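Both backbone and side-chain heavy atoms feed into the values below; hydrogens, waters and symmetry mates do not. Because the structure is predicted, anything quoted here is derived from the model rather than measured. First listed ligand is number 1; within each ligand, the first listed atom is number 1.
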Amino acid sequence: MAESVVDIIKGILKCLVLVVYYWIVAILKAILPTNMQAKDVSGETVLITGAGSGIGRLMAVRFAKLKCRLVLWDVNQKGNEETLSMCREYGVTAKAYKIDLCDRDDVFNVANKVKEEVGQIDILVNNAGIVTGKKFLDCSDTMIQKTMEVNTMAHFWTVKSFLPDMIKRNHGHIVNIASSAGLVGVTGLADYCASKFAAVGFDESLRFELESLGKDGIYTTVVCPFFINTGMFEGAKTRFPLLLPIVEPEYAANKVVDAVLCNQAMLLIPRILYFFFAIKGFLPTSCLHVISKHLCINNCMDDFKGRQSKLD
Ligand SMILES: NC(=O)c1ccc[n+]([C@@H]2O[C@H](COP(=O)([O-])OP(=O)(O)OC[C@H]3O[C@@H](n4cnc5c(N)ncnc54)[C@H](O)[C@@H]3O)[C@@H](O)[C@H]2O)c1
């Protein structure tokens with residue numbers, strides 16, 4: 001039966017009231033210090049992909065300080081073992097697994113091993129990432145494929161592995177580390193941007209799906225940082241470092257863990273990105289081109305060196 005006009009107006013009013021209510025809640029949450037809203041994660045099991053270096057390692061150490069059990073995944077066994085020792089210094093149980101996230105079967109096999117040897121995962125952090133850093137036509141087919149596999153597809157396989165159990169318990173948290181390049185296109189990062197836009201879309205859809213299933217005990221957090229000083233984007237530059245700074249890894253890692261503790265759905269680092277993200281929604285593309293040119297977003301990858309990765 002068709003809805004009456006009164007019901008439609010009631011629906012719109014209810015929607016408006018809820019929007020204003022949640023807007024106020026979001027502002028209060030942004031102002032309140034983390035420790036006043038943080039959940040207790042001690043004793044929880046946290047799985048981090050790409051834990052062998054960069055912010056993956058730093059997040060692992062922060063979770064260890066919070067007395068979490070750690071499961072560390074990386075293709076780089078040496079780096080992962082180093083992270084393992086760093087975590088164990090805090091007296092927590094931790095286990096490292098060598099894995100190639102480009103290989104779906106490897107992800108499912110190692111995930112099964114983790115379930116047997118460690119048990120359920122409470123917090124899954126999809127952090128591993130790679131970047132080609134070349135103009136699209138200069139990217140090799142292999143690197144384009146690997147970029148999609150590590151930065152996007154691997155998120156599908158890890159979530160397929162661990163979400164069913166979270167759903168049974170109505171308890172869990174999935175973190176997807178994307179990038180500001182998952183919100184705006186960048187010259188020299190076409191394959192990377194595509195993979196990170198996908199990660200942002202995956203996270204948002206997953207959050208809506210979980211809500212529609214009534215799983216209010218499972219949270220997702222998508223993280224979109226600007227450049228972080230880890231070496232992954234070595235050589236990339238910013239024109240206005242005071243306005244748009246290259247972020248320090250410790251700051252980024254701590255912000256991500258804080259976002260998990262506060263069940264924050266979306267985290268942009270640094271904060272100025274919230275403003276750019278908002279204006280992208282209503283400015284015409286011609287204006288965005290002007291701003292992007294002024295901020296030199298289109299040249300920021302000109303001197304990119306990266307990690308001189310052997311993955312190609
Ligand atoms: N560094 C930045 O400027 C920046 C900016 C925005 C977003 N990010 C994202 O943050 C995340 C972490 O980046 P980081 O700066 O710490 O990078 P990093 O290079 O220090 O760490 C990435 C880790 O992923 C691992 N990895 C790569 N391919 C893998 C594979 N096939 N299987 C298993 N592990 C693999 C690497 O061994 C490494 O330990 C990435 O997803 C990245 O895209 C980084």
Side-chain angles (χ1 to χ4, degrees), residues 47-62 71-84 96-107 109-111 125-133 142-143 145-155 157-158 175-184 186 188-189 191-200 202-203 221-238 244-253 255-256 267-270 273 300-301 304-312:
L47 188 157
I48 302 177
T49 70
S53 70
I55 62 166
R57 167 176 290 174
L58 295 167
M59 288 188 284
V61 171
R62 171 87 192 278
V71 177
L72 311 170
W73 281 13
D74 209 296
V75 73
N76 170 2
Q77 198 168 6
K78 188 170 171 280
N80 213 20
E81 295 289 339
E82 282 168 14
T83 308
L84 183 70
Y97 294 83
K98 185 175 192 291
I99 186 164
D100 181 3
L101 292 165
C102 295
D103 181 346
R104 184 182 55 176
D105 290 339
D106 201 21
V107 177
N109 289 336
V110 178
V125 186
N126 282 315
N127 163 73
I130 54 171
V131 59
T132 316
T142 316
M143 261 322 272
Q145 212 155 342
K146 277 180 187 288
T147 300
M148 293 308 293
E149 280 163 356
V150 178
N151 298 2
T152 309
M153 306 296 284
H155 294 209
W157 315 140
T158 57
V175 183
N176 292 304
I177 307 290
S179 168
S180 54
L183 304 170
V184 62
V186 182
L189 282 178
D191 58 340
Y192 184 79
C193 283
S195 71
K196 294 298 188 178
F197 267 71
V200 173
F202 176 54
D203 182 279
T221 299
V222 65
V223 183
C224 300
F226 184 59
F227 295 131
I228 312 170
N229 195 10
T230 56
M232 181 181 183
F233 275 88
E234 192 62 47
K237 55 183 190 286
T238 174
L244 200 51
I246 293 186
V247 180
E248 284 310 314
E250 291 75 14
Y251 177 79
K255 287 301 259 182
V256 179
L267 171 68
L268 311 192
I269 314 170
L273 291 184
C300 64
M301 292 294 290
F304 171 80
K305 291 188 227 34
R307 286 199 185 283
Q308 313 289 315
S309 160
K310 293 189 189 77
L311 288 168
D312 203 353

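Annotation for ligand 1: atoms under 4.0 Å from non-hydrogen atoms of S53 are 18 (P), 20 (O), 21 (O), 38 (C), 39 (O). Within ligand 1, counting atoms from 1 as listed, the ones closer than 4.0 Å to a heavy atom of C102 are 31 (N). With ligand atoms numbered from 1 in the order given, ligand 1 contributes 16 (O), 20 (O) to contacts under 4.0 Å with heavy atoms of G54. Ligand-side atoms of ligand 1 in range of F226: 5 (C), 6 (C), range being under 4.0 angstrom from any heavy atom. The contact set between ligand 1 and I99, taken as ligand atoms under 4.0 Å from a residue heavy atom, comprises 32 (N), 33 (C). Residue contact check: R307 has heavy atoms under 4.0 Å from atoms 18 (P), 19 (O), 20 (O) of ligand 1.
The heavy atom nearest to atom 15 (O) of ligand 1, considering only T230, I130, V131, is found in T230. Between N127, I177, I246, V125, it is N127 that holds the heavy atom closest to atom 40 (C) of ligand 1. For the residues G79, A178, G129, the heavy atom positioned nearest atom 7 (C) of ligand 1 is part of A178. Taking each of G56, P249, S195, P225 in turn, the one with a heavy atom nearest to atom 6 (C) of ligand 1 proves to be P225. Between V75, L58, L72, it is V75 that holds the heavy atom closest to atom 34 (N) of ligand 1. Among D100, N76, T49, N80, the residue whose heavy atom lies closest to atom 31 (N) of ligand 1 is D100.
Residue S180 has no N or O atom closer than 3.5 Å to an N or O atom of ligand 1. Considering backbone and side-chain N/O atoms, S179 never comes within less than 3.5 Å of an N/O atom of ligand 1. At least one N/O-N/O distance between L101 and ligand 1 falls below 3.5 Å.
N80 contributes a side-chain N or O that, together with a main-chain N or O of L72, makes up a donor-acceptor pair within less than 3.5 Å. Judged purely by atom type and a 3.5 angstrom limit, N127 uses its side chain to pair as donor or acceptor with the backbone of T49. Side chain of S179 to backbone of K196: no donor-acceptor contact under 3.5 angstrom is found. Not a single donor-acceptor pair under 3.5 Å links the side chain of D106 to the backbone N or O of I99.
Within the model, atoms OG of S195 and CD1 of I130 stand 8.5 Å from one another, a figure rounded to the nearest 0.5 Å.
Residues R307 and S53 meet the side-chain proximity criterion, which asks for heavy atoms closer than 4.5 Å. The shortest side-chain heavy-atom distance between R62 and V256 does not fall under the 4.5 Å cut-off. Under the 4.5 Å side-chain criterion, counting only non-hydrogen atoms from C-beta, M148 is not in contact with D191.
Between F227 and F233, the angle of the ring planes lies from 30° to 60°, which puts this pair in the tilted group.
Residues V150 and C102 share a closest heavy-atom pair of CG2-SG, 3.5 Å.
Only the side chain of K196 comes within 4.0 Å of ligand 1, judged by heavy-atom distances.
If you check the side chains of D203 and N176, you find a donor sitting under 3.5 Å from an acceptor.
Using a 4.0 Å cutoff on heavy atoms, Y192 counts as a contact of ligand 1.
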